[in-house]
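Written below as structure tokens is the structure these notes are about.
Indexing begins at 1, ligand by ligand and atom by atom, following the structure's order. Nothing here was measured: the structure is a model prediction, and the numbers come from that model.
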Amino acid sequence: MKRLWRNGRLVTLAGERGWGLVEQGALLTQGERILWAGPLQDLPPDARGAEPVELDGALVTPGLVDCHTHLVYGGDRTNEFEQRLLGASYADIARAGGGIRSTVAATRAASEDQLFASAARRARALIAEGVTTLEVKSGYGLDAGTEARMLRAARRLATLGLDVHTSFLGAHALPPEASDADAYIASVCAQLPALQAEGLVDAVDAFCEHLAFSPAQVARVFDAARALGLPVKLHAEQLSNQHGARLAAGYGALSVDHLEHLDAEGIDALAAAGTVAVLLPGAFYALRETRLPPVDALREAGVPLALATDHNPGTSPTLSPLLMLNMGCVLFRLTPEEALRGLTVNGARALGLADRGRLAAGQRADFCLWDVQHPRELAASFGHNPLRQRIFAGMA
Ligand code: DI6
Ligand code: FE
């Protein structure tokens, strides 16, 4: 059925720059697709017979794409918040058996239904701020059964009315029972074919860090992904420079994420490969990091910049993509337009998706109606949610 959404102020993000603002705009949709977007006065003839929907001057943006989350897990890590306030570092806590490993124990003890129920509560919070596409990683199971259970729970989040993309992050940390990292990497690679056959994997991710896995170990995981035709992405250069970005770019990675310690050579590699840089200000803030990702140099090199919540129980326990818009600007010096592109069109690109993130013909009919005058307000304010309505797949 065709719908004509009229009297909106469209933030189309058409083109590579600018908001693409259309005052007195309209959107023509059919089912879950946009057929046309533009000024109401230029409405094409095929709008005849479409059911009219009045937008009352709302500001319309593409639906938000949260391209990096660890939304499915068991347990609670707020004790680590207190430990860090007393001076412990993330690495100190990890070495003492806390951190990722503590979430692994709680996740292994949870059923798929329990994992789904807690993740659904979190997903509803993201939805309430306009998220229509969500990426979810595994990586808190670190054994074949629990990794698969996490990914199944993640896939079930689609029943809440959002598009879910899953990444296999078996190479997140060494599980407590393993003593040989290379042997563990072999088991990670061995899990992939069955997970892919079950339709649980859209991309393969890894954590390249001195307290996680080396570039050589990550390369083995990426080789296994490549053999199955799966795209890769990487947690890179978060706490130190392991040259993970360069490695990932060599595999044509969709994205590299975090990047506080990225160097000039890594930036050139990303630019050459067309890999998206995903910035995660929630983790930067929560860990009270001081070293900034090289945003100016990334921008100058023409690397697409995305922004995401990185929701996880340890380093980024936020469920607010709107707060990430603000932090992306205040902490990382993105412009409000770059920040919004980062949570829409470039977030989509970080997932290998070209069919969303803009208001244009052929795109998915996922969009948000906001009670603001100008799109920069979405980034300028924080702790406030001006979402009036969220449209997913053409439906309110
Ligand atoms: N980097 C992160 O920010 C999360 N994972 C990763 O590789 C943190 C995961 C955690 O601490 O639970
Ligand atoms: Fe992460």
Ion pair D182/R220, N-O distance below 4.0 Å: yes

For atom 1 (N) of ligand 1, the protein heavy atom that lies nearest, with its residue and separation: Q238 OE1, 3.1 Å

Any Y90 heavy atom less than 4.0 Å from ligand 1: yes

Ligand-side contact atoms (ligand 1) for residue partner H258, heavy atom cut-off under 4.0 Å: 1 (N), 2 (C), 3 (O)

Geometric N/O contact T103 with ligand 1, under 3.5 angstrom: no

Shortest protein contact, atom 4 (C) of ligand 1 (heavy atom only): N312 ND2, 3.7 Å

Residue portion contacting ligand 1 (non-hydrogen atoms closer than 4.0 Å) for D310: side chain

Nearest-0.5 Å distance that lies between atom NE2 in H235 and atom CG in D257: 6.0 Å

Test item: side-chain donor near acceptor, S255 and K233, under 3.5 Å: yes

contact_flag E209 ligand 1 heavy-atom lt 4.0 Å: no

Residue selection (non-hydrogen contact nearest atom 9 (C) of ligand 1) among F207, Y140, Y73, F284: Y140

E54 atom CD, neighbour heavy-atom count above 12 within 6.0 Å: yes

Element-labelled atoms of ligand 1 that are located less than 4.0 Å from some non-hydrogen atom of H70: 4 (C), 5 (N)

Electrostatic pair R291:E260 at N-O distance under 4.0 angstrom: no

Metal check, the Fe ion (ligand 2) vs D257 N/O/S, cut-off below 2.8 Å: no

Charged N-O contact under 4.0 Å between R108 and E177: yes

Charged tip of R155 within 45° of F116 ring normal and under 6.0 Å: no

Heavy atom of the protein closest to atom 5 (N) of ligand 1 (residue, atom name, distance): H172 NE2, 2.8 Å

Donor-acceptor side-chain pairing of E80 and T78 below 3.5 angstrom: no

